[in-house]
Chemist: 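Dropping the structure in here first, questions after.
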Amino acid sequence: MTALISLLAGLVALHTANTTMVFDAEQGKELQTVYYGARLSDAEVAMTDSYARVRTYPCYGIIGMEEAAYSAIQADGNRTVVLAIESVSQTPWEGGQLLEVLCRDTVYPMSVKICFKSFEAQDMIETWTETVNEGKKPLTLTRFDSGHLPIRVEDVWISTLYGSWANEARVNTEPLTRGWKVIKNIDGARNSQASHGEVMISLDGRPREDSGRIIGAALCWGGNYELRFQTNETDYHHFFAGILPEHDNVSLAKGQSFATPHLALTFSSDGLSGASRNFHSWGRKYRLQHGDRQRDILLNSWEGVYFDINEAGMFQMMDDIASMGGELFVMDDGWFGDKYPRNNDHTSLGDWMVDTRKLPNGVGSLVQAATERGIKFGIWIEPEMTNTVSELYEAHPDWIIKSDKRPIIQGRGGTQVVLDMSRKEVQDFAYGIVEGIMKDNPGIKYIKWDSNSIIAMDGCSNIAYWQGFAAVCDRVRASWPDLVIQDCASGGGRANWGVLPWFDEFWTSDNTDALQRIFIQWGTSYFFPAIAMACHISATPNHTVFRTTSLKYRIDVAMSGRLGMEIQPANMTAAEKDLCRKAIADYKRIRPIVQFGDIHRLVSPYDDKGYASLMYTSPERDKAVAYWWKIRNFYDEHLPRLRCSGLDPEKQYRVTELNRVDLKPLAYEGKVFSGRFLMESGLEIPLTNEVEHSQKTDWSSRVILLEAL
Ligand code: DGJ
């Protein structure tokens, strides 16, 4: 039932289990933010009346000269917006409350609803706005942030993610100082490859993992964005986040409306890991497709055979993954093309017919073969793209994004171009790719949806592109609600909460080198849960960085996310296959803890302490799995004990080492320790894996299972 808030009272509070956001929402005035932080009692909410007010959704033009979250141009050229509150309502929904503040411009016929949705148990609040052009004349929005959060100037630090292809989600931590900090993405199609639309804001100096106040923010949007921090002469850092409006104004005709994407906010007093746990539990429950379903252990063909797809080869890979205990085989790029066979990345995207020279019996025989082996079958597609060397391009050269009169820019393989997803016929085509595959082969259980190009030319509104993408994904999900779909964009280029509602997981990076993956997965885990993070065991020397790590090390790193393999098993020795078989069996034991548990990052690889470590605990804290990876190897090193986190101090835990390769078990294998001891004193981890002399490498790692008695 909607409760209309008493507008005279002024202060309005929105609570979650452990947080509170307070506004001053007096009728006829602008909405103002008063407080965001730890949960307050009603009496304490009243005490915040003594706090300064900051405009919640500052509009350009009249009051103050601070940065605007919103600006518009009226048909008469007037560029000012003044929003006055008309009504405020708070409505319960099953997971929390919906606070809606309806505002109208004081002169022009337009309304803006400023919305906040709380997620009680996850300590998250989503905010967004909805504009309606209530006039007869057109209205043009020139800035339309999802939200603005004032953050009191103290010792505020931010952690953001930057990167590149094969080096996604690197963590950058810095204090906020006077001036501007802007994180902007203009890739068009892959908004988390070079930067991320998420940020952790520490209110208590350099952030720590397990203590200190943290505000986390994630823009739930797949397209171009801008996050801005303005620090000026006021007492506040002003944080803004929204769609990048630079080349993309929104024109609203009479009666038309526009809703911004949601900005998800969380507050935690338990440090970065605390904020991550909130993102993970909210994501699994509300944002990730099938966030409550266990993920399969798979073999993906890409690094094993690249474009060299053929029926016998696929059968062999299926035999191998089935024999190692895997549950799914995914045939990657290279299976399609008729006039232009997809033998490399120069041709064929768009020609989604099976290449019968490679697969004479079609995909059907592969699906059947998988079923016979007791595993599932998945397939790779790249629906939004084509090559200028393709039958599709020959038939529809006008379907691509291009700037009239300019030569087209061609990407991957020298020929890849992006289809204009804003066009209905292109949306139908993209949907039709999935439809064609699924109609022919209803037994397919998994699709890897890739996207390997930037949008290199102006020629389509980026907002319209992503609206078109959403329309296709909605249709796909309506038709195949149970299909598992991986979101891939040259690796982790689409790890964002705007896209994940349609997808079950994302390919974290094309870089499968275990050492670099520790850094990539670390940053990714700030905002995304392990269940969504595809992590595969691959061959050495690694195909991207050419580093040779031990198989044990590669397994131990991949096992901290959604475990899979990305390798040609035919090139593995029997002993290597045995180790993987054992690892897959062990992963099945810990899968519920990894995929549904709570993350506690312990020692950061970025702190250069010689090792990195993190753990997951079951929600009941009766099981935990801890990872310890050495990140360099020098003789005469002295590393601190592994001190756990998130355990029940009163519980007694039995220690079992998983993936053991050492000749002798750990001295404390099978022994029992109290949660308090494990957290305060810790476990001594031998610095090297003690194996036969000829087997020794310079890599060492441990995976330790803790089970309460
Ligand atoms: C990029 C992806 O990240 C890889 O895993 C692989 O699917 C290739 N595309 C295929 O072209």
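FYI, the numbering just counts along the sequence from 1. Remember, it's 1-based here, ligands and their atoms both numbered in the order they're listed.
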Chemist: So, Glu435 and Arg475, do they make that salt bridge, N to O below 4.0 Å?
Modeler: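 Answer for the salt bridge query: no.
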Chemist: To which protein heavy atom is atom 7 (O) of ligand 1 closest, and what is the distance rounded to 0.1 Å?
Modeler: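 Going by distance alone, atom 7 (O) of ligand 1 is nearest to Asp332 OD1, 2.7 Å.
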Chemist: Run the contact test for Arg412 against ligand 1 with a 4.0 Å cut-off on heavy atoms, strictly below, and give the result.
Modeler: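 Judged by the 4.0 Å heavy-atom criterion, Arg412 does count as contacting ligand 1.
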Chemist: Return the residue, atom name and 0.1 Å-rounded distance of the protein heavy atom closest to atom 9 (N) of ligand 1.
Modeler: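 Result for atom 9 (N) of ligand 1: Asp450 OD2, 2.7 Å.
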Chemist: Less than 3.5 Å between some nitrogen or oxygen of Arg342 and one of ligand 1, yes or no?
Modeler: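 N/O-N/O distance under 3.5 Å: no.
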Chemist: What part of Ser490, side chain from CB on, backbone N/CA/C/O, both or neither, has a heavy atom under 4.0 Å from ligand 1?
Modeler: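 Ser490 to ligand 1: backbone contact only, side chain stays beyond 4.0 Å.
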Chemist: Under 4.0 Å from ligand 1, counting heavy atoms only, is it the side chain of Asn452, its backbone, both or neither?
Modeler: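 Side chain only.
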Chemist: Can you see which heavy atom on Tyr526 is nearest to which on Ser159, and at what distance?
Modeler: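 Minimum heavy-atom separation between Tyr526 and Ser159: CE2-CB, 4.0 Å.
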Chemist: Any idea which heavy atoms bring Trp466 and Gly188 closest together, and the distance?
Modeler: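 Heavy atoms only, the tightest pair is NE1-O, 2.9 Å.
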Chemist: How does Lys448 reach ligand 1, by side chain, by backbone, by both or by neither, if only non-hydrogen atoms under 4.0 Å count?
Modeler: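 Side chain only.
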Chemist: Considering non-hydrogen atoms of the protein only, which is the closest contact for atom 11 (O) of ligand 1, and what is the distance?
Modeler: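 Residue, atom and distance for the closest contact: Asp333 OD2, 2.6 Å.
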Chemist: What is the closest protein heavy atom to atom 3 (O) of ligand 1, and at what distance does it sit?
Modeler: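 Answer for atom 3 (O) of ligand 1: Asp510 OD1, 2.5 Å.
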Chemist: Check the pair Asp296 / Lys376 against salt bridge (charged side-chain N to carboxylate O under 4.0 Å, His left out), numbers first and verdict last.
Modeler: CA-CA 9 Å; Asp296 288 330; Lys376 298 172 192 163; 2.7 Å; yes
Chemist: Between Arg190 and Asp187, does the salt bridge (charged side-chain N to carboxylate O under 4.0 Å, His left out) criterion hold? Intermediate values first, please.
Modeler: CA-CA 6 Å; Arg190 303 162 307 177; Asp187 183 288; 3.0 Å; yes
Chemist: Does a side-chain N-to-carboxylate-O contact under 4.0 Å join Asp428 and Lys424?
Modeler: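 Salt bridge present between Asp428 and Lys424.
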